[in-house]
Amino acid sequence: MSIVVYCENIEGNLKKATLEALTYAHKMGSELGLPTYAVTTGEPLTDVLKQYGVSKYVEVSPNVPADTSLLAGSISFGFEKLNGQYLILPYNSTGKSIAGQLAVKCDAGIVSSVNALPESLEPLRVSQSLFAGKASAVVQVNTAKVVLALQSNAIQPEEKPVDEISGELVILDSLSQVELVKQEMLSEGIPLPEAELVVSGGRGFKGPENWHILEDLAKELGAATACSRPVSDADWRPHHEHVGQTGIAISPNLYIAIGISGAIQHLGGVNNSKTIVVINNDPEAPFFKAADYGVIGDLFEVVPKLTAAVQAFKSKA
Amino acid sequence: MNILVCIAKSIETTAKIVFTPDNSALDESGMQYIMNPYDEWYSLVRALELKDQVGGEVTVIHVGDASSDPIIRKALAIGADKGVRIDTIPQSAADVAKQLSAYLADKSFDIVFTGKETVDYNGGILPAMLAAKLKWPFFDVVSHLEYADDLALISKEIEGGVKVFKSPLPLVLSATKGLAEQKIPNMRGIMMAKRKPLEVVSAVDHATDTNIVSFSKPEKSKEVTLVDADDMDELVRLLHEEAKVI
Ligand SMILES: Cc1cc2nc3c(=O)[nH]c(=O)nc-3n(C[C@H](O)[C@H](O)[C@H](O)COP(=O)(O)OP(=O)(O)OC[C@H]3O[C@@H](n4cnc5c(N)ncnc54)[C@H](O)[C@@H]3O)c2cc1C
């Protein structure tokens with residue numbers, strides 16, 4: 001038996017979310033006395049895998065990410081081949097499209113949005129985030145095989161180097177009727193769901209013409225930009241920047257909310273952020289209740305000052 | 001075209017989440033359920049537009065007890081042709097997938113619409129499980145769909161961008177914002193919905209893969225540290241030295 005992590009090689013790298021999954025697997029495995037193995041698509045990046053405790057891998061090829069049912073089929077093939085009992089993967093955009101398919105194909109029970117290491121191993125009980133982060137549930141898994149799809153930041157990556165790694169390439173059928181026609185990147189900067197630092201603006205900005213104030217700060221910090229729903233509804237900002245319960249959910253290290261009131265539906269998408277800074281001229285704004293740091297003031301004055309302070313800090317560092 | 005739209009119920013988004021005293025279940029007293037917004041606003045409306053384009057029939061299906069009938073009637077009022085309710089209280093996404101795939105075993109649909117996730121449990125697992133059970137191609141977080149020459153052209157949102165796929169039918173998709181514009185049922189729709197068929201079918205045995213043992217709320221009640229609006233150097237210092245995020 002083994003714990004298997006799905007490792008997606010994205011442009012020659014493993015994303016932080018995958019390193020988190022590897023760390024999670026390793027910690028679970030040392031409790032259970034099971035080795036950590038990997039199923040990879042794309043070059044297996046053995047140096048990184050070794051660094052994170054992987055002693056064996058199966059690379060599945062050809063890599064047909066367009067057809068997620070084929071992708072899930074090849075991962076489940078690798079999982080079987082490695083005699084896997086637990087399959088761990090990040091619940092990021094690839095993870096979301098395949099996790100449920102993997103559960104069916106591996107004949108496994110599944111828990112998604114896992115936010116911590118298991119509470120118990122026999123029976124397996126893990127904590128899952130739900131109600132837009134407003135609550136967690138402990139879920140018991142009653143099947144022999146298990147898929148765990150991890151929320152980002154469920155665990156911090158930790159290296160656990162091993163000396164040796166062995167692996168093999170498995171070539172599978174790739175006949176697909178699904179065709180990837182094109183791929184467009186809409187934002188030039190850092191993709192929002194992966195960003196460690198996010199600067200977000202609400203209706204307090206009054207209009208799109210003022211967004212440069214926010215963008216200057218984001219640029220200085222190296223942060224991605226986000227917005228509240230009314231802002232994207234009014235087309236001040238593109239829809240993919242809309243965070244919250246009906247937009248995307250993010251959990252960066254730092255979320256700076258500027259001119260956003262902190263409605264419950266907005267908080268739902270951001271309250272797993274590690275540190276929250278709120279800038280608002282209304283001391284009664286609900287967002288302050290969810291904030292670590294608050295600045296009560298006019299954003300048109302505060303934000304340029306903050307940008308200058310960051311600039312001064314960066315030039316010192 | 002024979003179109004199926006899976007609709008879920010979800011807790012109204014501003015509801016305060018309360019659990020029973022032993023934290024083993026949701027306290028549903030006074031809790032309002034609505035049709036899951038991803039299903040109602042995007043998935044159902046796009047399904048109806050597709051039917052207008054190519055003809056056919058839109059069936060909505062829900063796994064739940066009779067207390068969900070108003071939600072199914074609302075879907076009929078928005079324009080679905082008929083409703084099906086699988087009469088059981090589902091235990092997990094795997095259970096819903098099992099019930100739906102059992103129902104679908106002897107039916108022939110061309111396309112199954114779902115929402116990206118429910119806005120309460122946020123599991124997002126069902127659409128992919130259903131696709132795998134049916135062994136159909138699956139597309140999630142779909143923000144645009146066109147259909148021509150027997151092929152679907154599908155835009156899927158990815159981190160920071162969009163991918164466009166071409167696929168034959170049948171397929172399963174999960175809808176997100178952008179796929180359609182919310183449609184409010186009108187008086188005529190509401191009247192007509194009363195006469196549309198709502199078939200109740202019995203459930204197969206529950207899937208028991210997983211079960212919820214207990215609920216909890218994050219204990220963090222944060223103490224906010226206020227920083228003087230004239231002293232942004234102090235904020236930067238705190239973020240660097242205390243929070244260690246920059
Ligand atoms: C079903 C449903 C789903 C929803 N989903 C989402 C979602 O996913 N994401 C989301 O964001 N919203 C969502 N909403 C909307 C949500 O309820 C709020 O309406 C929205 O978040 C408010 O956006 P806002 O904070 O930008 O605007 P407002 O609530 O108008 O707040 C603007 C804030 O800016 C402050 N301000 C104004 N001027 C200044 C200034 N000069 N300096 C500093 N501060 C200033 C004000 O004090 C105020 O707090 C949803 C609503 C529903 C019903």
Side-chain angles (χ1 to χ4, degrees), chain A residues 66 68-69 93 96-97 99-101 103-105 109-113 125 130-132 134-143 177-187 191-194 239 245-246 253-254 264-265 274-275 288 290-297 302 305-306 309-310 313, chain B residues 13-14 17 37 93-94 97 119-129 131-133 135-138 140-141 153 157-168 177-178 208-218 222 224-227 229-230 232-233 235-236 238-240 243 245-246:
Chain A
T68 60
S69 84
S93 82
K96 285 184 179 175
S97 57
Q101 301 190 70
V104 173
K105 289 182 199 281
I110 177 165
V111 187
S112 63
S113 304
R125 290 184 166 176
L130 29 87
F131 304 120
K134 282 178 277 183
S136 297
V138 174
V139 181
Q140 177 168 316
V141 190
N142 307 312
T143 47
Q177 292 188 292
V178 177
E179 183 194 332
L180 176 63
V181 184
K182 64 177 173 194
Q183 173 162 353
E184 277 167 30
M185 295 319 275
L186 300 173
S187 53
L192 190 48
E194 288 164 16
H239 280 296
Q245 200 159 355
T246 48
N253 279 336
L254 175 63
I264 194 159
Q265 298 92 351
K274 190 160 161 257
T275 299
F288 284 116
D292 297 282
Y293 302 101
V295 181
I296 300 167
V302 173
K305 280 187 195 155
L306 178 56
V310 172
F313 166 76
Chain B
T13 53
T14 54
I17 304 295
V119 299
D120 49 10
Y121 284 86
N122 318 117
I125 288 294
L126 169 82
M129 289 195 97
K133 282 190 182 278
K135 299 195 168 72
W136 291 2
F138 173 58
D140 66 335
V141 284
L153 203 61
E157 288 188 2
I158 53 161
E159 277 131 10
V162 63
K163 278 183 177 172
V164 182
F165 301 101
K166 206 186 263 178
S167 174
K177 188 169 175 166
T208 53
D209 302 17
T210 59
N211 60 281
I212 291 182
V213 181
S214 63
F215 289 97
S216 64
K217 288 201 182 176
K222 284 187 177 175
V224 52
T225 304
L226 288 180
V227 181
D230 285 322
M232 286 301 99
D233 291 328
L235 179 59
V236 170
L238 287 167
L239 292 176
H240 179 59
V245 288
I246 60 171

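Computed from a predicted model, the values in this text were never measured in an experiment. Each chain gets a letter, A, B and so on, in the order its sequence line appears, and its residues count up from 1.
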Nearest 0.5 Å, what's the [atom1]-[atom2] distance between [X] and [Y]?
X: A:K105; Y: B:K135; atom1: NZ; atom2: NZ; answer: 7.0 Å
X: B:D140; Y: A:Q101; atom1: CG; atom2: CD; answer: 8.5 Å
X: B:L126; Y: B:Y121; atom1: CG; atom2: OH; answer: 14.5 Å

**Request:** Against chain A, label B:K177 side chain, backbone, both or neither, depending on which of its atoms sit under 4.5 Å from a heavy atom there.
**Result:** side chain
**Request:** Check each atom of B:I17 against the heavy atoms of chain A and say whether the ones under 4.5 Å are side chain, backbone, both or neither.
**Result:**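 Side chain only.
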Chain B contact via [X] - which portion, at a heavy-atom distance below 4.5 Å:
X: A:S113; answer: side chain
X: A:E194; answer: side chain
X: A:I264; answer: side chain

Looking at [options], which one has more heavy-atom pairs under 4.5 Å with chain A than the rest?
options: B:A132, B:S216, B:G124, B:G123; result: B:S216
options: B:P137, B:A243, B:S167; result: B:A243
options: B:M129, B:K133, B:E157; result: B:M129
options: B:L238, B:V224, B:I246; result: B:V224

Name the member of [options] that forms the most heavy-atom pairs with chain B at distances under 4.5 Å.
options: A:A99, A:S69, A:A135, A:G297; result: A:A135
options: A:V111, A:T68, A:T246; result: A:T246
options: A:A103, A:S136, A:S112, A:S93; result: A:S136

**B:D209 vs A:I110 side-chain heavy atoms within contact, under 4.5 Å** = no
**Request:** Check side chain to side chain contact (heavy atoms under 4.5 Å, CB included) between B:K163 and all other residues, then give those that pass, not counting sequence neighbours.
**Result:** A:L180, A:Q183, B:I158, B:F165
**Message:** Tell me whether B:D120 contacts the main-chain N or O of A:F131 through its side chain, where contact means a donor paired with an acceptor under 3.5 Å.
**Reply:**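 Judged by distance alone, no pair lies under 3.5 Å.
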**Message:** With a 6.0 Å cut-off (strictly less than), is the heavy-atom count around CD of A:E179, excluding the residue itself, greater than 12?
**Reply:** yes
**Asked** Can you name the side-chain hydrogen bond (donor to acceptor under 3.5 Å, both in side chains) partners of A:Q265, sequence neighbours left out?
**Response** B:T13
